[in-house]
There are 2 protein chains.
Amino acid sequence: MTPDPATVGREFSTAVVMFHDAVADRLGLSAVDHKALGVVMRDGPITASRLAAELRMKPSAVTGLVDRLVAAGYVGRTPDPTDRRRVLISAHAGRRPDLGAVFGRLGAAMAELAADYRPEELAVILDYLGRATTVMREQTARLHQE
Amino acid sequence: MTPDPATVGREFSTAVVMFHDAVADRLGLSAVDHKALGVVMRDGPITASRLAAELRMKPSAVTGLVDRLVAAGYVGRTPDPTDRRRVLISAHAGRRPDLGAVFGRLGAAMAELAADYRPEELAVILDYLGRATTVMREQTARLHQE
DNA sequence: TCCAATATTTCAGTTCTTTGAACTATTCAC
DNA sequence: GTGAATAGTTCAAAGAACTGAAATATTGGA
């Protein structure tokens with residue numbers, strides 16, 4: 001039987017979440033802290049308040065969260081030169097090796113998987129993933145604002 | 001510039017995790033409880049100890065977790081007829097409407113996205129997602145056992 | 001039948017994180 | 001320059017969830 005798209009999507013999603021948690025564990029971070037690290041890596045230097053909004057946490061909670069990420073060496077804190085009330089948080093190269101090792105293995109496995117597809121098929125897959133990312137972000141925003 | 005696969009993958013993953021959390025919030029569940037619900041939906045009736053192993057939690061913690069899911073109406077607990085020490089946890093139809101509503105919107109948006117692809121392209125995408133799920137599960141297991 | 005092993009639950013204690021309120025520093029409008 | 005608003009931090013208290021140990025129930029082998 002052909003698996004229906006909804007099931008494939010749900011199971012893929014569960015697998016992603018469980019992998020994400022396993023990585024967090026490996027990095028010595030909580031799931032929330034790892035998620036925050038993802039946001040920081042994605043949105044480059046980001047202010048504490050924007051990070052708080054993104055994560056739907058209070059600024060005070062973000063202070064502690066960033067403390068932990070800084071202590072672990074994953075991010076850095078620098079005052080915003082244009083507004084010194086602000087703090088810019090950016091992904092730091094510190095423990096990037098750990099991170100690289102973890103994702104290196106995944107990357108290799110994924111590359112092996114990709115080898116089974118033709119270039120034009122891979123282009124379609126990448127295109128889809130990029131657009132699906134946008135859809136998921138929109139749906140996440142919708143869930144929050146409704 | 002063409003985005004590299006690693007970036008696409010990482011950002012997609014972050015989006016999935018954030019959507020997952022938003023859904024949990026909407027359902028009145030913690031992220032962990034929602035993850036557990038995903039495992040229960042995936043693995044059908046499952047014993048408490050297998051669920052504990054899957055989630056990497058102690059059985060005692062699973063008792064409380066399942067209590068919460070039962071109270072919320074998402075799963076049911078029934079004694080295993082073949083071994084009454086065991087308890088089988090299965091996804092329950094109780095509050096399935098909530099869940100359906102949340103994923104219905106996502107499903108509609110995803111269907112709209114899918115409409116931009118030809119059937120053979122969609123087949124490739126589905127195939128890829130299914131195989132990527134397997135890879136992620138393997139990598140998750142590897143992270144845990146190493 | 002008896003005993004060891006297995007499955008789950010209970011419960012007290014601990015840990016971790018978040019919240020809310022107060023405080024400091026800085027910026028912006030007037 | 002003064003005052004209101006903004007950004008972030010600190011701190012104490014609260015809340016949620018997990019751990020470990022002990023208890024209960026059931027099974028399976030000797």
Side-chain angles (χ1 to χ4, degrees), chain A residues 17-18 20-22 24-40 43-72 74-90 144, chain B residues 17-18 20-22 24-40 43-72 74-90 144:
Chain A
V17 170
M18 296 192 78
H20 192 267
D21 285 3
D25 197 59
R26 172 59 67 97
L27 298 182
L29 300 174
S30 73
V32 172
D33 289 4
H34 183 209
K35 181 176 65 170
L37 179 56
V39 171
V40 172
D43 292 351
I46 183 176
T47 64
S49 45
R50 264 193 56 216
L51 183 57
E54 203 70 42
L55 298 172
R56 312 231 118 208
M57 290 167 68
K58 306 287 181 202
S60 58
V62 169
T63 297
L65 185 156
V66 174
D67 284 348
R68 294 190 292 274
L69 289 180
V70 169
Y74 292 113
V75 306
R77 243 198 201 102
T78 50
D80 183 336
T82 73
D83 182 344
R84 271 179 312 200
R85 289 170 302 183
R86 290 199 174 109
V87 168
L88 290 176
I89 299 138
S90 42
H144 282 142
Chain B
V17 170
M18 296 193 78
H20 193 267
D21 286 3
D25 197 58
R26 172 59 67 97
L27 299 182
L29 299 174
S30 72
V32 172
D33 289 4
H34 183 207
K35 180 176 66 170
L37 179 57
V39 172
V40 172
D43 293 350
I46 183 176
T47 64
S49 45
R50 262 193 58 216
L51 182 57
E54 203 70 42
L55 299 172
R56 312 233 119 209
M57 290 167 68
K58 307 289 181 197
S60 58
V62 168
T63 298
L65 185 156
V66 174
D67 284 347
R68 293 190 293 273
L69 289 180
V70 169
Y74 292 113
V75 307
R77 242 199 202 103
T78 50
D80 183 336
T82 73
D83 182 345
R84 271 179 311 199
R85 290 170 302 182
R86 292 198 172 110
V87 167
L88 291 176
I89 299 138
S90 41
H144 282 143

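Atom set for the values below is all heavy atoms of this structure, side chains included, hydrogens, waters and symmetry mates excluded.
- Between B:Asp21 and B:His34 there is no side-chain heavy-atom pair separated by less than 4.5 Å.
- Using a 4.0 Å heavy-atom criterion, one finds that B:Arg77 contacts the sugar-phosphate atoms exclusively.
- In this entry the distance linking CG of B:Asp25 with P of C:dT18 reads 13 Å, nearest Å.
- Here B:Thr78 pairs with B:Leu88 under the side chain to side chain contact (heavy atoms under 4.5 Å, CB included) rule; sequence neighbours left out.
- In this view, A:Arg56 satisfies the salt bridge (charged side-chain N to carboxylate O under 4.0 Å, His left out) rule with no residue, not counting sequence neighbours.
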Set out, line by line, the N/O atom pairs under 3.5 Å between protein and nucleotides 14-18 of chain D.
none

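- Remark: A:Arg84 engages no residue in a salt bridge (charged side-chain N to carboxylate O under 4.0 Å, His left out) (not counting sequence neighbours).
- Between B:Thr63 and B:Arg77 the shortest side-chain heavy-atom distance falls below 4.5 Å.
- As rounded to whole Å, 16 Å separates atom C1' of C:dT19 from atom CG of A:Leu55.
- Between B:Leu37 atom CG and B:Leu29 atom CG the span is 6.5 Å, to the nearest 0.5 Å.
- When each of A:Asp33, A:Val87, A:Val40, A:Ile89 is checked for a side chain to side chain contact (heavy atoms under 4.5 Å, CB included) with A:Val66, only A:Ile89 meets the rule.
- Residues satisfying the salt bridge (charged side-chain N to carboxylate O under 4.0 Å, His left out) test with A:Asp83, not counting sequence neighbours, are A:Arg85, A:Arg86.
- For A:Leu88 and D:dA7, the CG to P distance is 13 Å, given to the nearest whole Å.
- In this structure, A:Ser30 and A:Ala24 approach most closely via the heavy-atom pair O-CB, 3.8 Å.
- Between B:Ala48 and A:Arg56, the residue whose closest nucleotide on DNA chain C is further toward the 5' end is B:Ala48.
- Residue B:Ser49 places at least one side-chain N or O under 4.0 Å from the OP1 or OP2 atom of C:dT8.
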Quick tally for nucleotides 25-30 of chain C: nucleotides whose base has a protein heavy atom under 4.0 Å get B, sugar-phosphate-only ones S, the rest -, giving BBS---

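- The NE2-P distance, from A:His34 to C:dT17, rounds to 15 Å in whole Å.
- Remark on DNA chain D: of its neighbouring residues A:Arg86 and A:Ser60, the 5'-side contact belongs to A:Arg86, judged by nearest-heavy-atom nucleotide.
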